[in-house]
Amino acid sequence: MDARTLSLPISTLNLNQPCCVGVGTWVSEAIHLMQSGRLGCILVVDEQQHLVGIITDRDLLVHIMGKGLNPANVKVDDIMTSSPESLRANDPIAFALNHMHLGHYRHIPLIVSDGERGYPVGIISSKDILNHVA
């Protein structure tokens with residue numbers, strides 16, 4: 001792999017549009033969206049569409065299946081990772097790899113910020129980076 005590849009902006013990758021649900025959504029609905037879209041994660045947004053959380057397939061295994069909970073009785077707010085690590089589309093691919101490695105993440109939301117908070121505009125996954133390099 002050429003070192004220049006890692007210095008390219010994340011926006012050069014073939015990125016997925018984010019799938020979002022609102023605060024207060026039932027986990028069963030989030031699962032349905034993840035299954036139908038074959039997604040590894042879903043973002044949680046507030047009433048102003050600001051990113052407030054992320055739910056991954058791993059979260060579902062640990063917080064729902066691992067505890068024997070009924071997803072129809074649990075809200076996304078109860079199992080999401082609040083204030084997830086996020087990046088911007090013009091950040092280098094190397095930033096994404098570094099964050100994924102250090103935080104043990106497979107997905108990182110991409111945001112456009114309006115001050116302190118941000119609107120989700122994409123998701124970068126480890127698979128996106130591997131597909132680009134391969």
- Pairs satisfying ring pair (Phe, Tyr, Trp, His ring centres under 6.0 Å), at least one member in residues 86-113, at least two apart: none

- Query: In terms of hydrophobic clustering (I, L, V, M, F, W, Y; side-chain heavy atoms under 4.5 Å; direct or indirect links), are L51 and L33 co-clustered?
  - Reply: no

- Please lay out, stage by stage, how H63 and D78 fare under the test side-chain contact (heavy atoms from CB on, under 4.5 Å). CA-CA 9 Å; H63 299 294; D78 298 327; over 6 Å; no

- Note on the structure: Value for OG (S126) from CG (L97), rounded to nearest 0.5 Å, stands at 9.0 Å

- Query: Are I93 and L13 side-chain neighbours, meaning at least one heavy-atom pair lies under 4.5 Å?
  - Reply: yes

- Note on the structure: For P92 and I10, the nearest pair of non-hydrogen atoms, with its separation, is O-CG1, 3.8 Å

- Item | For T56, side-chain hydrogen bond (donor to acceptor under 3.5 Å, both in side chains) partners two or more places apart | D59

- Least distance between heavy atoms, A72 atom then S28 atom: CA-OG, 3.6 Å

- Message: Taking atom CG as the centre, does N14 end up with more than 12 heavy-atom neighbours from other residues, nucleotides or ligands that are less than 6.0 angstrom away?
- Response: no

- Query: Of all residues at least two apart in sequence or in a different chain, which pass the salt bridge (Lys or Arg N to Asp or Glu O under 4.0 Å) check with D57?
  - Reply: R106

- Task: Can you sort out the partners of S113 under side-chain hydrogen bond (donor to acceptor under 3.5 Å, both in side chains), two or more places apart, ordered by chain and number?
- Result: R88

- Note on the structure: Students should find that the hydrophobic cluster of W26, defined by side-chain heavy atoms under 4.5 Å apart, otherwise consists of none

- Task: Report yes if the side chains of T81 and I55 come closer than 4.5 Å at any heavy-atom pair, otherwise no.
- Result: no

- Message: Going by side chain to side chain contact (heavy atoms under 4.5 Å, CB included), name the residues that satisfy it together with V121, two or more places apart in sequence or in a different chain.
- Response: L110, V112

- Task: State yes or no: do L15 and I123 share one hydrophobic cluster built from I, L, V, M, F, W and Y residues joined by side-chain heavy-atom distances below 4.5 Å, directly or via other members?
- Result: no

- Query: Where is the tightest heavy-atom contact between P9 and A89, given as atom of each residue plus distance?
  - Reply: CB-O, 3.8 Å

N/O donor-acceptor pairs under 3.5 Å from side chains in residues 18-25, not counting sequence neighbours:
residue : atom : partner : partner atom : Å
T25     : OG1  : G22     : N            : 3.4
T25     : OG1  : G22     : O            : 2.6

Show every donor-acceptor pair shorter than 3.5 Å between a side-chain atom in residues 37-49 and any protein atom, with sequence neighbours excluded, or say none if there are none.
residue : atom : partner : partner atom : Å
D46     : OD1  : Q48     : N            : 3.0
D46     : OD1  : Q49     : N            : 3.2
D46     : OD1  : H50     : N            : 2.9
D46     : OD2  : R117    : NH1          : 3.1
D46     : OD2  : R117    : NH2          : 2.5

- Item | Members sharing V62's hydrophobic cluster (side chains within less than 4.5 Å) | none

- Item | Closest non-hydrogen atom pair, I111 against G118 | CD1-CA, 4.0 Å

- Do I31 and M80 share a hydrophobic cluster (ILVMFWY, side-chain heavy atoms under 4.5 Å, transitive)? yes

- Residues in side-chain hydrogen bond (donor to acceptor under 3.5 Å, both in side chains) with D91, at least two apart? none

- Query: Once you round to the nearest 0.5 Å, how far does CD1 of I64 lie from CG of N73?
  - Reply: 9.5 Å

- L60-V76 co-clustered via ILVMFWY side chain contacts under 4.5 Å: yes

- Contacts of S83 that satisfy side chain to side chain contact (heavy atoms under 4.5 Å, CB included) - sequence neighbours left out: none

- Task: Indicate, with yes or no, if V52 and Y119 share a hydrophobic cluster defined by side-chain heavy-atom contacts under 4.5 Å among Ile, Leu, Val, Met, Phe, Trp and Tyr.
- Result: no

- Task: Using side-chain hydrogen bond (donor to acceptor under 3.5 Å, both in side chains) as the criterion, list what pairs up with N98, not counting sequence neighbours.
- Result: none

- Item | Minimum side-chain heavy-atom gap L8-H132 below 4.5 Å | yes

